[in-house]
Asks: 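Sharing a structure, written as structure tokens. Questions coming.
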Amino acid sequence: MIFHSALKLAQAVRKREISAEEVINYFLRQIEVKEAGIKAFITVCADQALEQAQALDRRTDLPGLPLAGVPVAIKDNIVTKGIKTTCASRILANFYPPYDATVIKRLKEAGAVIIGKTNLDEFAMGSSTENSAFYPTRNPWNLECVPGGSSGGSAAAVAAGEAPLALGSDTGGSVRQPAAFCGLVGLKPTYGRVSRYGLIAFASSLDQIGPLARSVEDCALLTRVISGHDQHDSTSSPRSVPDYLAELSQPLENIKVGIISGDLLKDVNPEVKEAFYFTVKQLEEEGAQIEELHFSSWAIGLPCYYIIAPSEASSNLARYDGVRYGYRDLSEKQLLSMYQTTRTEGFGAEVKRRIILGTFALSAGYYEAYYGQASKARLLINQEFRQALDKVDFILTPATPEPAFSFGAKADPIAMYLSDIFTVTANLAGVPALTLPVRCSAKGLPIGIQLISDFFQESELFRLAFLVEKKVEFIKEYNKIN
Amino acid sequence: MPEKIDIDYVCSLAALRLSEEEKKELAPQLQRIVEWIAQISSLNLTGIKDKELSTVSLATPLRKDVVQGSLSPEEALANAPEKENELFKVPRVIEGGDSQE
Amino acid sequence: MSLDKYEITIGLEIHAQLLTKSKLFCACSTQYGETPNSQTCPVCLGLPGALPVLNEEAVRMAIKLALAIGAKINQRSIFARKNYFYPDLPKGYQITQYHIPVAEDGYLEIELGDGQKKRIGIERINLEEDAGKSLHEGFPDSDEKSYIDFNRSGVPLLEIVGRPEINSPDEAVQFLQLFRIILQYLEICDGNMEEGSLRCDANLSLRPKGSSELGTKTEIKNLNSFRFLQKALSYEALRQSERLAKGLPILQETRLWDEKKGQTFPMRSKEEAHDYRYFPEPDLLPLVISKELIQNVQEALPELPQEKKQRFIQEYGLPNHDAQLLTSSRQLADYYEAVAQNCGLPKQASNWVMREVRQTLKEKNLNIEDFPLAPQNLGALIQLVEKGTLSIRVAKEEVYPEMLRTGKPPQVIIEERGLTQISDEKQLLSLAQEIISSNPKPFQQYLQGKTQVVGFFIGQMMKATRGKANPQLVKKIITEVLEEEKRKHHE
């Protein structure tokens with residue numbers, strides 16, 4: 001059962017060929033066996049999950065539930081009512097939210113079962129899950145390597161078969177990069193497609209919740225369930241949500257795929273470059289027209305991102321002041337000292353780095369040169385995306401500059417930031433982007449590619465990914481780790 | 001030439017207090033990051049107008065003025081580090097007046 | 001006196017809590033005075049993951065005020081975050097407006113002592129959220145702890161930034177009074193300064209008369225009554241002038257008013273500079289206000305106090321003073337107008353409302369909305385006096401209090417108590433004869449030419465009729481009968 005798709009599991013539960021309780025028990029055992037090595041979870045909700053599964057089994061309307069009995073692992077920066085939600089931070093180590101995020105409500109309504117809360121880089125700031133305040137998560141393909149981040153726990157859980165599906169969040173690549181490192185399909189939806197209500201904010205104008213799955217079909221299924229308008233999120237789009245799964249079978253015709261120009265690939269790992277051109281060849285074989293794009297603003301994406309994201313984060317993280325919830329240094333008798341020690345002790349080094357950076361970028365005298373200028377650069381990137389996507393239907397890039405790296409390899413913050421070179425631009429522009437594994441490196445680590453499409457063209461993105469998936473047959477690689 | 005970041009001032013704005021050791025470690029890192037992101041400030045972007053700056057051109061949705069359920073005081077205070085009599089408790093605020101500015 | 005050499009410049013900043021049912025960005029109630037922390041939710045507590053959604057009614061109220069003060073409404077305004085730490089500020093930032101406010105560039109016209117009108121400019125109106133309430137006093141451990149109630153957190157506010165175009169504390173008070181009346185007329189703020197639904201900060205500077213450059217200003221916070229505003233500004237102007245006279249500089253600082261000492265004092269300055277790091281609120285899109293919405297609000301806009309006052313002067317022929325007083329509250333004006341229309345006697349109606357009604361409100365500590373007398377009943381009472389059915393004294397001293405007590409129409413009370421004025425001449429004539437014959441001593445005095453005893457006889461008449469007799473008629477009849485008797489006596 002372990003590598004059965006979520007789609008098939010839900011079908012079996014709907015037909016009562018297997019009970020939801022059996023499914024959950026099965027995955028709880030997988031977690032028990034594998035967690036010691038992987039450490040994907042911060043919290044496993046065994047009792048609540050079993051209760052939820054038993055309640056499902058008693059229901060008479062199972063056939064109407066698209067995710068009947070399917071366990072889903074949730075990144076621990078998405079709030080779950082009554083289930084500890086930590087953001088992998090000391091400052092929220094004992095926080096029990098009094099409400100469910102909109103995506104959690106939607107999952108429950110679709111019959112999914114919340115099986116646990118997964119590890120991440122503290123407040124989703126990082127690309128390796130090494131910034132978790134609790135412990136790092138290991139890559140199931142090679143335990144010496146990072147699973148990527150910040151949704152490293154979610155990616156590792158799905159890759160290890162601890163859950164068939166997971167939710168992550170993507171601010172600059174935090175779903176797509178770990179998906180690529182762990183051999184999964186990961187989507188960052190169009191900004192506004194999935195409600196952010198209940199997603200603990202890192203950078204509000206960039207954050208999107210996104211699915212991680214082993215197949216395009218499962219990814220499409222989960223995306224459909226979590227997408228759609230939410231009256232609690234002012235930035236949520238009222239557009240209707242297509243049936244991504246049903247539309248997978250619709251053919252794509254006269255596809256034009258833009259590929260980023262060679263100069264942007266010069267620092268990319270040779271095996272990644274090879275996998276990228278291998279994908280180009282597959283697409284050509286399918287009749288796609290390939291066109292090289294000159295994307296002049298791509299290179300400024302990263303520095304632009306590292307101004308906007310920390311600026312918003314510095315404000316979003318001001319609420320962790322020890323007053324209403326979370327950690328407080330109770331020994332401090334003065335308000336200002338209480339704030340300072342609470343925050344200094346409660347946040348990890350990377351979070352503090354970004355708060356300082358963002359505070360600086362917004363401070364008097366620097367706002368125009370940093371935040372103001374970055375906002376303009378962002379608009380430039382946006383315009384260039386629009387122009388490119390007028391010419392081509394999709395943009396193809398490598399997902400990451402290299403496959404999963406080993407622990408401690410990126411001690412220098414800027415080196416770590418460069419992991420996001422291909423992913424941040426889609427967040428800045430707001431367009432959807434999906435990563436997909438295409439092959440493994442010589443050392444057996446997955447390598448992914450990224451597909452980007454125009455606003456709200458998730459369906460087209462899934463269809464192209466489905467096409468590539470069938471050609472590259474990456475799923476066979478999973479035999480190596482089982 | 002990018003500015004030198006005044007860590008003490010920025011930390012005071014962000015309610016952080018770094019130890020001398022932390023400062024020693026963070027300061028050069030931050031300085032390098034600031035130098036790295038400063039390439040943005042040197043771009044010529046005069047063609048882009050301020051009013052276009054919002055990436056979303058839509059209007060913010062409006063909610064009807066209807067009261068719906070609130071949390072109970074117990075729920076509101078459930079995660080509070082210190083509380084008493086349905087109130088959150090903090091070290092005394094010394095400065096006079098109220099926060100409205 | 002040193003102040004004579006200087007011109008005072010004052011600018012006011014007003015915060016008005018809006019009378020919406022729910023908060024600005026969430027569906028919690030705005031009701032004042034409930035159990036602490038019983039009106040909060042993830043949004044107004046600033047819980048991780050919560051997001052704001054704007055209240056439509058608050059936007060309509062902002063438009064109302066903008067239209068009432070002739071401000072330009074921005075078709076597209078932007079919410080911004082103002083970042084600072086304070087325990088009653090749950091998110092560590094306040095959602096307000098900065099680069100583009102909802103409206104800008106309006107004005108208010110006040111009337112100076114000499115009847116001249118003066119325009120005071122209003123720079124901008126920001127739509128923003130209130131903070132929670134910090135309680136610093138009254139707990140056993142108040143010397144080391146503060147307590148926070150978040151019920152107020154997220155209540156909608158309009159921040160009104162006035163231009164520094166006010167030149168005296170009196171003008172400032174007048175400006176604030178007029179502003180408060182306008183807010184109440186628009187029914188967007190109850191104007192209750194005690195409960196903090198209307199708050200005022202002021203900045204003041206002095207410059208030598210004739211100088212064109214403004215002096216250094218100080219800001220005085222939390223001037224939450226007209227009296228405090230008047231006293232604090234007067235004190236501050238004097239303090240500054242004394243410093244300037246001594247050649248001392250004015251420090252640009254924030255001060256507070258100490259009512260007990262009767263002076264302003266500098267607020268303990270924050271250790272950090274006021275670097276609020278404003279940036280556009282990414283959780284909200286721009287606020288777009290359509291022409292249709294403005295039109296819609298415009299059509300529902302009530303008559304404003306100045307317009308109403310002019311109309312009262314023209315339509316009802318009221319003196320300026322009456323019109324001013326009656327229009328000082330929309331409810332009072334409405335009540336007056338209902339009475340006036342009911343009795344058709346606008347000046348008499350004005351006298352009654354300005355004296356008796358306001359007296360009663362004051363004595364019983366009532367608002368006009370809770371005044372127990374229906375306007376048609378008060379109108380009927382005024383008519384009864386006018387027709388001579390009731391004497392003004394009986395109306396005021398007997399009928400009116402009874403109406404207040406029972407709520408009954410005046411006709412019923414008159415009938416029940418037999419209070420109708422006696423205007424029957426025959427009846428009064430025989431009564432007069434009776435009284436004269438039973439009071440021979442005063443009559444003798446009258447005969448001796450002491451005409452002032454007429455008053456005594458009138459009093460006796462009134463006493464005998466328990467005040468119901470028409471006083472003019474009594475005077476006429478008693479004089480006639482006395483003269484008649486005098487003639488008889490001399491014959």
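So that the names make sense, note that chain A is the first sequence line, chain B the second, and so on, each numbered from 1. Since we're looking at a predicted model, the values are computed, not measured.
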Asks: For A/D321, is it the side chain, the backbone, both or neither that has a heavy atom under 4.5 Å from a heavy atom of chain B?
Replies: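 When you check distances to chain B, no heavy atom of A/D321 falls under 4.5 Å.
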Asks: List the atom of A/G322, the atom of B/P81, and the distance in Å for their closest heavy-atom pair.
Replies: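 So the minimum-distance heavy-atom pair works out to O-CG, 3.4 Å.
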Asks: Report which part of B/E25 has an atom under 4.5 Å of a heavy atom belonging to chain A: side chain, backbone, both, or neither.
Replies: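 Contact with chain A: none, neither part.
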Asks: A/L330, A/T342, A/L302: which one forms the most heavy-atom pairs within less than 4.5 Å of chain B?
Replies: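 Highest number of heavy-atom pairs under 4.5 Å: A/L302.
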Asks: Thinking salt bridges, do B/R17 and A/E332 make one under a 4.0 Å N-O criterion?
Replies: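 A salt bridge is present here (some side-chain N lies under 4.0 Å from a carboxylate O).
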Asks: With a 4.5 angstrom heavy-atom cut-off, could you sort out which part of A/T341 is near chain B: side chain, backbone, both or neither?
Replies: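 When you check distances to chain B, atoms from both the backbone and side chain of A/T341 fall under 4.5 Å.
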Asks: Whether the B/R63 and A/Q231 side chains hold a donor-acceptor pair (N or O, under 3.5 Å, no angle test) is what I'd like checked.
Replies: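 Distance-only check fails for B/R63 and A/Q231.
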Asks: Just give me the residue among B/V10, B/I40, B/L18 that pairs up with chain A most often, heavy atom to heavy atom, under 4.5 Å.
Replies: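 Going by pairs under 4.5 Å, I would pick B/I40.
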Asks: Tell me, do B/W36 and A/Y306 make a side-chain contact under 4.5 Å, heavy atoms counted?
Replies: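 Of all side-chain heavy-atom pairs linking A/Y306 with B/W36, at least one is under 4.5 Å.
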Asks: Please rank B/I33, B/L26, B/L62 by heavy-atom pairs under 4.5 Å with chain A and give me the top one.
Replies: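 With the most close heavy-atom pairs to chain A, the winner is B/I33.
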Asks: Tell me, out of B/S19, B/P91, B/P61, who's got the most heavy-atom pairs with chain A below 4.5 Å.
Replies: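 Maximum pair count with chain A is reached by B/P91.
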Asks: What residue in B/C11, B/A14, B/S42, B/A76 has the most heavy-atom pairs under 4.5 Å with chain A?
Replies: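 That would be B/A14.
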Asks: Specify which of A/I300, A/I307, A/N94, A/T235 makes the most heavy-atom pairs with chain B at under 4.5 Å.
Replies: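 It is A/I307.
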Asks: Are A/I414 and B/R32 close enough that some pair of their side-chain heavy atoms sits under 4.5 Å apart?
Replies: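 Touching, per the 4.5 Å side-chain cut-off.
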Asks: So for A/S234, is it side chain, backbone, both, or neither that comes closer than 4.5 Å to the heavy atoms of chain B?
Replies: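 Both parts, heavy atoms under 4.5 Å.
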Asks: Could you tell me which of B/L77, B/L43, B/T60 has the largest number of non-hydrogen atom pairs under 4.5 Å with chain A?
Replies: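 Sorted descending by pairs with chain A, the first entry is B/L43.
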Asks: Between A/S237 and chain B, with a heavy-atom cut-off of 4.5 Å, which part of the residue counts as in contact: side chain, backbone, both or neither?
Replies: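 Neither part.
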Asks: Taking side chain as everything from C-beta outward and backbone as N, CA, C, O, which of these in A/Y417 sits under 4.5 Å from a heavy atom of chain B? Side chain, backbone, both or neither.
Replies: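 The side chain, not the backbone.
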Asks: Heavy atoms only, distances under 4.5 angstrom: which of B/V90, B/L30, B/N79 has the most pairs with chain A? Name it, please.
Replies: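 Highest number of heavy-atom pairs under 4.5 Å: B/N79.
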Asks: Work out which heavy atom in A/A377 is nearest to a heavy atom in B/L45; give both atom names and the distance.
Replies: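 Shortest heavy-atom separation between A/A377 and B/L45 comes out as N-CD1, 3.6 Å.
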